[in-house]
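For reference, the structure is listed below as structure tokens.
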Amino acid sequence: MLTTVAKVLKTKRFPSAMNSIQRQPTFDIQGRQFRAVFVSTAEPTEVLPDGSVNPSNPTKSICDPFVFNTVMTCAQSLVVCVGNPFLLLRLEQSMVKKYGDRGRCWSYYLRACLDHDTVLLHNSQLSAELLSASLVERIERGGDSLSSS
């Protein structure tokens, strides 16, 4: 997914700037700053017998509040997250079990993005308004009993 974002930037917008773009895992950027950060939220997961979803490597997961904070604070002016917000909210539940309310980083981030109209949702069957309303509903109920849409 991140490769696709890089290809679009290279061919459509900023072909000369692509030479200075660095691709690094989110857990390996601590202590550095970047003008912009593009985050691919796709990560390996495992479904537990009770139906909940866990990241396969929780300490390196973008859903871990410490990794999340590191990624968000290293951007000087722009953060772009690419991925499925509904899956992020499901993954967030495993972090809430581990860290309490501190684990709700994606709920707060997605709420801020929705409030500032900076969310771009694509789905061939549902309108962006319906997806946005569904996302708001799931954030407000704390991601309980989420199913992937």
Side-chain angles (χ1 to χ4, degrees), residues 1-15 17-18 21-30 32-45 47 51-58 60-149:
M1 193 175 312
L2 197 55
T3 305
T4 305
V5 173
K7 285 180 185 176
V8 169
L9 288 173
K10 186 175 188 175
T11 59
K12 305 282 187 201
R13 302 284 180 198
F14 310 102
M18 283 304 292
I21 291 179
Q22 300 173 12
R23 291 179 55 196
Q24 295 186 349
T26 55
F27 59 86
D28 197 29
I29 59 174
Q30 187 170 4
R32 302 183 63 198
Q33 285 198 324
F34 304 91
R35 285 188 181 170
V37 174
F38 293 83
V39 180
S40 171
T41 61
E43 64 178 82
T45 59
V47 180
S52 62
V53 180
N54 277 345
S56 57
N57 191 343
K60 296 181 180 181
S61 170
I62 189 65
C63 290
D64 181 284
F66 301 105
V67 175
F68 176 88
N69 185 54
T70 299
V71 171
M72 295 300 161
T73 57
C74 73
Q76 294 174 342
S77 61
L78 176 69
V79 175
V80 176
C81 296
V82 181
N84 182 341
F86 300 103
L87 181 58
L88 285 172
L89 291 174
R90 286 185 74 193
L91 287 169
E92 182 179 75
Q93 289 306 301
S94 66
M95 294 301 161
V96 170
K97 289 176 187 173
K98 184 175 181 180
Y99 297 111
D101 278 342
R102 267 190 326 189
R104 294 199 187 279
C105 48
W106 281 106
S107 295
Y108 296 125
Y109 178 79
L110 290 168
R111 169 55 80 187
C113 291
L114 287 166
D115 290 347
H116 291 92
D117 198 27
T118 59
V119 175
L120 178 63
L121 297 169
H122 290 282
N123 189 306
S124 60
Q125 297 175 340
L126 296 173
S127 72
E129 288 178 5
L130 285 174
L131 281 171
S132 188
S134 177
L135 189 57
V136 168
E137 176 186 331
R138 291 174 188 206
I139 291 170
E140 287 176 353
R141 66 178 179 199
D144 294 339
S145 64
L146 292 175
S147 61
S148 76
S149 298

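The structure presented is a predicted model; accordingly, all values stated were derived computationally and were not measured.
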**OP:** Mind listing the closest non-hydrogen atom pair of Val67 and Ser61 along with its distance?
**Re:** CB-O, 3.3 Å
Subject >> Tyr108 side, atom OH; Asp101 side, atom CG - distance, nearest 0.5 Å >> reply: 5.0 Å
**OP:** Quick one: pull up CZ in Phe68 and CZ in Arg102 and give me the separation to the nearest 0.5 Å.
**Re:** 14.0 Å
Subject >> Check: Met72 and Cys81 side chains under 4.5 Å, non-hydrogen atoms >> reply: yes
Original post:
Below 4.5 Å, heavy atoms only, C-beta onward: do Leu88 and Tyr109 meet side chain to side chain?
Top reply: no
**OP:** Determine yes or no for a side-chain-to-main-chain donor-acceptor pair under 3.5 angstrom, with Trp106 supplying the side chain and Ile62 the backbone.
**Re:** yes
Original post:
Of the non-hydrogen atoms in Gln24 and Ile29, which two are nearest, and what is the gap between them?
Top reply: OE1-CG2, 3.1 Å
**OP:** Over all heavy atoms of both residues, which pair between Arg104 and Glu92 is shortest? Give the atoms and the distance, please.
**Re:** C-OE2, 3.0 Å
Subject >> Pro65 to Cys105 - nearest heavy-atom pair and separation >> reply: CA-SG, 4.1 Å
**OP:** Quick one: closest heavy-atom pair of Ser107 and Leu89, and the distance?
**Re:** OG-CD2, 3.6 Å
Original post:
Which pair of non-hydrogen atoms, one from Thr70 and one from Gln30, has the smallest distance, and what is that distance?
Top reply: CG2-CA, 3.7 Å
Original post:
Rounded to the nearest 0.5 Å, what separation is found between the CG atom of Asn69 and the CG atom of Asp64?
Top reply: 10.0 Å
**OP:** Check the surroundings of atom CG in Asp115: do more than 12 heavy atoms from other residues, nucleotides or ligands lie under 6.0 Å from it?
**Re:** yes
